[in-house]
Amino acid sequence: MMLDTHIKILYKHVNTLKSTRQEVVHNWVDQKLIKDILIRHDINIELFINYYAVGVFDYFIQVIEGLTELGACPIMEEFLEYLKNKDIHADELFILCSHFKKSIIDSTYTHNINTQKVFDAVSFLFDANFSGILKLYTDTIYQKEQVIVKNLAFLNEYTNAIDSSAIVAKTDTKGIITYANKIFCRVSGYEKQELIGVNHNIVRHKDTSKAFYQDMWKEIKSNHIFQGTIKNRKKDGSTYYIDLTIVPLSDPMQGVLEYISIGYDVTKLVSAKEEAHQASMAKERFLSAMSHEIRTPLNAILGFVSVLEEQNKDELGQHYLSIISRSGKQLLHLINDILDFSKINHSQIKIHNEVFHTHETFSHLIDLFSQSAKEKSIVFKAELSKDIPSYIYADLMRIQQIISNLLSNAIKFTENHGEVQISITNEKRNLIIKVKDNGIGISKENQDNVFKPFIQAQKDHEGTGLGLAITRELITAMKGQINLESIQGKGSCFTVSLPYEVAHEDVVLGLRKEGKDEKKFFNAHILVVEDNRDNQELIGLFLKGFGISFDMASDGEEAFNIFKEKKYDMIILDDEMPKYKGFEVAFKIREEEKMHSLKATPLLLLSANATPEVQERALKHGCDYFLSKPIEQKELQKFFSTYFETVSAQDTRVLANRLSLDEEDITFLLDIFKKNLGPNLEKLQISIDSNNYIDIAMMAHKIKGSSSNFHFQKLVQITGDMEHQALESKEINYQSLFKALIAEIKHLGF
């Protein structure tokens, strides 16, 4: 009844009230308290004016006109839904509603319709409406509380779960511990009362740097989460490691209030990791030592073979020496892979492509296995396709290793009087290597296992079980493929496809020219530091061959003392020596040179341990160059060419050094050689003109003998060829050989 009375009073002025719509809405929102609330809760002011404020005004007019009932204001329901995540308080909601009522009443004064009855009617309608809004708000709050209670229950469960499984602590913003759970106490060895109220650095380990903690505090004070592994100290002084997450706990009004840290004891994990690291280091040291011990005698073997190849001109002897040299180099590469098998496990095999002659290389390689097959009376068939380019660009040593492994296995697993075939063909710039045997074969279930390391399909055969594992990894590294077809009891067939590039013509020409380069001689005096006697003799032979004079030291300390007394054009250092290692001597030499402002002496480090780490260490400690053992004369010559001037082979100093004679003696002998050379050449020319093979052979032999005394290898080669042909009475172009002989004599300066 009272509602109807109030509505009738306002209905008389409804048109006037309608006209105040924009005025009432803007006056309402322009009030400071209203704007503060809207801004504080990030409420869009334009949205509030055009939708919610206008909607409330329209609802008020509809009630007066009897178009809707008082109490359930739909627009306020929407507004409360909009505010549900804004955390608006009841007093703020009251301010919003009461100031709207104030704006309506103010407009009645402005438009002269203000009476006591109008004031009471407006107040009644809005008080009744606010009662409905308050009920909606209360219901919303209740729902929120239920959600909060539910979330708190979940949070408590999570907290209990973390508390019972992790190390949990809380500190204030200054690092003072305010909470420590049981696990924190157990792991650290402190009682709870010993931790609460003290700084968290009570467990800080002295090994953890201040910079680490400074970075940590900088991170969490920037309101960021910190994560890391920290080394801490227990009450008894022992160490423990914790995987830690620190989270800042903030309040919107006050900022960061405290920090909570949640961690897990990872001491065993860190210890295991450290043990694994130590084991890995021990393995590396072992491999390094084994590398040195194995390569050192191999260095001497290959080195002296190289010397014999130069001195022995017998064709069959050269063939055998060539086989020994290639086999030794192949053995060296196999040793490299076995000693550093970890790189295969981590697919870190390095491929070194080079240009090489295919038919010559593959023929020599296949020859190596013909003898093994012959010993078992195995029929050994080989086919090299003419379609394969003469020169290709690929990893020669790796291809040789692949072929060697496959042929070795085929011969090993083929019974006496069996058959082994190898074919190498060309298919769209891929080498197709097929090795087939009629041996014991491999069962279907074991065919995958043969490519696994240390596993053999046949347990009763000797071997490491690494051959095919290494082979497959090499093929994969070269972007190739391998396929196995086998029937147990009938034999196996391995097919390998390896991509290659055809060598460019310019490179091939350069390679051919390089192969014809003559040995160079150098004017230099160097110090060699080597503790192994075989290697001392080998390096000495190499240096004499280059015409280089030298002194020898047996250990690092002796070398350094000699260096301080004498000047050298270069120093060659072995890596592994007593007293000082090679890189240590290099470092001491560089320090000595700096101290006395001396010119830097070129330093060459030789090592049987050719790992990247050793090379890097050598260069870091002052060495100019690194060569791995076994030493190759070509590599030495290339290195010497960088630092020393080349001299003529007949240089008296060079010859004196090579022949271990005084320069005066060399000068005297050279004069005799030159004096006899003219008449001997005239007699040789006459013999050639008259086709007298006996005289040709005799005179060629005479010049060859005197030339060999001075190591004039080119003269020895030409006259030796002439002698050999003449002894067999072969009709060849002796005039051409004679011209080549004269040209070389002029080249020597005679």
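Keep in mind that the numbers below use all heavy atoms, side chains included, and drop hydrogens, waters and symmetry copies.
Heavy atoms only, all atoms of each residue included: A586 and C623 are closest at CB-SG, 3.6 Å.
Residues meeting the side-chain contact (heavy atoms from CB on, under 4.5 Å) test with F212, sequence neighbours left out: T208, S209, F226, I230. With sequence neighbours left out, the side chain to side chain donor-acceptor pair (under 3.5 Å) criterion links N15 to no other residue. For H200, the ring-ring contact (aromatic ring centres under 6.0 Å, His included) partners are F184, not counting sequence neighbours. T229 pairs by the side chain to side chain donor-acceptor pair (under 3.5 Å) definition with D243, not counting sequence neighbours. Applying the ring-ring contact (aromatic ring centres under 6.0 Å, His included) test to F48 and every residue at least two apart in sequence or in another chain returns W28, F79. The side chain to side chain donor-acceptor pair (under 3.5 Å) check on K18 picks up E65, with sequence neighbours excluded. Residues satisfying the side-chain contact (heavy atoms from CB on, under 4.5 Å) test with I113, not counting sequence neighbours, are H13, T16, L17, T108. Scored by the side chain to side chain donor-acceptor pair (under 3.5 Å) test, D106 finds K102 as partners (sequence neighbours excluded). E501 meets the salt bridge (charged side-chain N to carboxylate O under 4.0 Å, His left out) test with no other residue; sequence neighbours excluded.
I402 places a side-chain heavy atom less than 4.5 Å from the side chain of L498. Two residues are said to be in side-chain contact when any heavy atoms from C-beta on lie closer than 4.5 Å; M478 and I399 meet this criterion.
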Pair S188, N232 - check side chain to side chain contact (heavy atoms under 4.5 Å, CB included), show working. CA-CA 8 Å; S188 67; N232 281 344; over 6 Å; no
Side chain to side chain contact (heavy atoms under 4.5 Å, CB included) assessment of T239 paired with T267: CA-CA 8 Å; T239 297; T267 306; over 6 Å; no
Could you go through the side chain to side chain contact (heavy atoms under 4.5 Å, CB included) check for N114 and F119 one step at a time? CA-CA 7 Å; N114 58 314; F119 179 85; over 6 Å; no
Decide yes or no on side chain to side chain contact (heavy atoms under 4.5 Å, CB included) for T245 and I225, but give the supporting numbers first. CA-CA 7 Å; T245 300; I225 295 173; 3.7 Å; yes
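Listed by first then second residue, pairs satisfying salt bridge (Lys or Arg N to Asp or Glu O under 4.0 Å) with a partner in residues 169-179 read K170-E258, not counting sequence neighbours. Residue pairs meeting the side-chain hydrogen bond (donor to acceptor under 3.5 Å, both in side chains) criterion with at least one member in residues 46-58, sequence neighbours excluded, are R21-D58, Y51-E78. Residue pairs meeting the salt bridge (Lys or Arg N to Asp or Glu O under 4.0 Å) criterion with at least one member in residues 214-235, sequence neighbours excluded: E194-K235, D207-K231.
For the 3.5 Å distance criterion, the side chains of D120 and Q116 qualify, holding a donor opposite an acceptor.
Using a distance-only test at 3.5 Å, with no hydrogens or angles considered, no donor-acceptor pair links the side chain of T20 to the main chain of E23.
Note that CD1 of I262 is 9.0 Å distant from CG of L244, once rounded to the nearest 0.5 Å.
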